[in-house]
There are 2 protein chains.
Amino acid sequence: MPPSAVSQPEQFTIGRLAKAAEVNIDTVRFYERQGLLQIAPRSAGGYRLYGAADAQRMQFIRRAKTLGFSLEDIAELLQLTEDGHDRSRVKAIAQKRVADLEERIRELEKMRSVLAHHAGHCSGHGAVKGCPIIQALLSEQG
Amino acid sequence: MPPSAVSQPEQFTIGRLAKAAEVNIDTVRFYERQGLLQIAPRSAGGYRLYGAADAQRMQFIRRAKTLGFSLEDIAELLQLTEDGHDRSRVKAIAQKRVADLEERIRELEKMRSVLAHHAGHCSGHGAVKGCPIIQALLSEQG
DNA sequence: CTTGACCCTGAAGTGGACTCCAGGGTTTAG
DNA sequence: CTAAACCCTGGAGTCCACTTCAGGGTCAAG
Ligand SMILES: [Zn+2]
Ligand SMILES: [Zn+2]
Ligand SMILES: [Zn+2]
Ligand SMILES: [Zn+2]
């Protein structure tokens, strides 16, 4: 019962790490294989042992994923935080991702507008023959 | 040399169909297995034979794909054009697709705005330590 | 007749990001 | 001491829409 332990290593096994990060336990092992997580030290019984830094790393991955980064990009971003790299590469990756997102958004908006237009012409009842949606797919027409 | 042949069957093999539809030849066979194309009749030598209706069907699939429909949805849409179905199902499929597109667009726009915001704070030079993009990933911050 | 272009089959591979499985060993509560 | 909960491994399976492969048969031109 020491009143203040300046830095207790506070270790935990894979299950707790997974639960804290709200991912499947196999996802953690998968990330290790993919090089996103460092190889964890093991307990006497062979269990992986993690610490606060690993939990933060999992959060990093989680946030990067919500921004749509691929695991490959995330691995590189994590790498860049390790060594004494320059910010330029980080910004380049982010800008590439923004550009990709914008392109994809334009594609989806194009799909949406075309399809909504056709759907707007469809009464929703009667025989399929003559349905404007089907007509549009059968021959290039608006 | 008949001056007017009211309906020449005009048959062709899989390679021409694929080229006309601008898809890989194996894609045609794949679509057949998936039930998107009807089983083609065969020549004496065992070659699949196609006609104008098949070419139109390939165009239908191509257009539906540019609207982002899954092959499963496309199969159903093609099915609906065959029998004496009602338009309601067609419209429902289209509206579902529009809704899915809108949801996906919102997700991507959220990613884009968050990421562009962080990137806007990044000078693009200097050490990674302290980079606003990395900081945002390390801890939930704007 | 031979060459080359074309076609056939069933099966396996691709990519991305997991997820699950079988057949174990380990740790902890009671 | 035992049962439950947890962990280990290598490998396979999942989804989707194809693509590739190996090992052959067919067809038109020269
Ligand atoms: Zn309609
Ligand atoms: Zn219109
Ligand atoms: Zn930066
Ligand atoms: Zn800000």
Side-chain angles (χ1 to χ4, degrees), chain A residues 11-37 39-51 54 57-58 60-78 93 96-97 100-101 104 107-108 111, chain B residues 11-37 39-51 54 57-58 60-78 97 100-101 104 107-108 111:
Chain A
Q11 295 195 116
F12 37 87
T13 56
I14 196 170
R16 286 200 191 290
L17 181 66
K19 180 156 285 184
E22 293 181 287
V23 299
N24 188 302
I25 195 169
D26 287 314
T27 302
V28 178
R29 288 192 272 251
F30 173 71
Y31 286 170
E32 179 184 284
R33 280 203 302 282
Q34 297 301 113
L36 294 174
L37 295 179
I39 305 294
R42 301 297 180 104
S43 74
Y47 286 14
R48 288 174 182 79
L49 293 176
Y50 296 100
D54 301 294
R57 219 172 158 91
M58 286 300 292
F60 185 107
I61 296 170
R62 196 181 57 67
R63 293 193 190 97
K65 273 172 55 60
T66 70
L67 295 178
F69 284 108
S70 66
L71 293 193
E72 187 179 357
D73 276 347
I74 296 172
E76 185 174 358
L77 288 171
L78 282 165
I93 292 172
K96 173 70 162 63
R97 178 76 195 130
D100 288 351
L101 282 166
R104 187 65 184 144
E107 289 171 357
L108 296 184
M111 293 179 192
Chain B
Q11 295 194 115
F12 38 86
T13 56
I14 195 169
R16 287 200 192 289
L17 181 65
K19 180 157 286 182
E22 293 182 284
V23 300
N24 189 302
I25 194 170
D26 289 310
T27 302
V28 178
R29 289 193 271 251
F30 172 72
Y31 285 170
E32 179 184 284
R33 281 202 302 284
Q34 297 301 115
L36 294 174
L37 295 179
I39 305 294
R42 302 298 181 103
S43 73
Y47 287 15
R48 290 174 180 80
L49 294 176
Y50 296 100
D54 300 294
R57 219 173 158 91
M58 287 299 293
F60 185 106
I61 295 169
R62 197 182 56 67
R63 292 191 191 100
K65 273 172 54 63
T66 68
L67 295 177
F69 284 108
S70 66
L71 293 193
E72 186 181 355
D73 277 346
I74 296 172
E76 184 173 358
L77 288 171
L78 283 165
R97 178 75 195 130
D100 287 352
L101 282 167
R104 186 65 183 145
E107 290 171 358
L108 296 185
M111 293 179 192

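Values below: every heavy atom of this structure, side chains too, minus hydrogens, waters and symmetry copies. Every value quoted in this text rests on a predicted model; they were computed, and no experiment measured them.
- Contact footprint of chain B on DNA chain C: nucleotides with an atom under 4.0 Å from a non-hydrogen protein atom, first to last in 5' to 3' order, dC6(C) to dT9(C).
- Here Arg62(A) pairs with Gln59(A) under the side-chain hydrogen bond (donor to acceptor under 3.5 Å, both in side chains) rule; sequence neighbours left out.
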Q: Step by step, work out the side chain to side chain contact (heavy atoms under 4.5 Å, CB included) result for Leu17(A) and Phe12(A).
A: CA-CA 7 Å; Leu17(A) 181 66; Phe12(A) 37 87; 3.9 Å; yes
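- Judged as a side-chain contact (heavy atoms from CB on, under 4.5 Å), and not counting sequence neighbours, the contacts of Arg97(B) are Met111(A), Leu115(A), Phe69(B), Asp100(B), Leu101(B).
- Distance CD1 (Ile39(A)) to P (dC8(D)): 12 Å, rounded to an integer number of Å.
- Legend: residues meeting salt bridge (charged side-chain N to carboxylate O under 4.0 Å, His left out) with Lys65(B), ordered by chain and number and at least two apart, are absent.
- Scanning for side-chain hydrogen bond (donor to acceptor under 3.5 Å, both in side chains) contacts around Gln34(A) gives an empty result, with sequence neighbours left out.
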Q) Base, backbone or nothing for each nucleotide of nucleotides 20-30 of chain D, written B, S, -, heavy atoms under 4.0 angstrom, 5' to 3'? A) B----BBS---
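- Five base pairs at each end of the helix from dC1(C)-dG30(D) to dG30(C)-dC1(D) define two local axes, and these are offset by 20° (rounded to 10°).
- Residues satisfying the salt bridge (charged side-chain N to carboxylate O under 4.0 Å, His left out) test with Arg57(A), not counting sequence neighbours, are Glu82(A).
- Applying the salt bridge (charged side-chain N to carboxylate O under 4.0 Å, His left out) rule to Glu72(A) yields no partners; only residues at least two apart in sequence or on another chain are considered.
- The CD1 atom of Ile61(B) sits 13 Å away from the C1' atom of dC18(D) (whole-angstrom rounding).
- To the nearest 0.5 Å, atom CG of residue Leu77(A) and atom CD1 of residue Ile93(A) are 4.5 Å apart.
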Using residues 23-32 of chain A as the side-chain source, report each donor-acceptor pair under 3.5 Å to any protein atom, sequence neighbours left out, with the distance given to one decimal.
from     : atom 1 : to       : atom 2 : distance (Å)
Asn24(A) : OD1    : Asp26(A) : N      : 2.7
Asp26(A) : OD1    : Arg29(A) : NH2    : 3.3
Thr27(A) : OG1    : Asn24(A) : O      : 3.4
Glu32(A) : OE1    : Arg48(A) : NE     : 3.0
Glu32(A) : OE2    : Arg48(A) : NE     : 3.4
Glu32(A) : OE2    : Arg48(A) : NH2    : 3.4

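- Distance OH (Tyr31(B)) to C1' (dC16(D)): 11 Å, rounded to an integer number of Å.
- For Arg104(B), the salt bridge (charged side-chain N to carboxylate O under 4.0 Å, His left out) criterion is met by Glu107(B), not counting sequence neighbours.
- Among the protein residues, Lys19(B) comes within range of no part of the nucleic acid, since none of its heavy atoms lies under 4.0 Å from any strand.
- Residues from residues 68-78 of chain B with heavy atoms under 4.0 angstrom of DNA chain D, sorted by number: Ser70(B), Leu71(B).
- Atom OG1 of Thr13(B) is separated from atom OH of Tyr47(B) by 8.0 Å, given to the nearest 0.5 angstrom.
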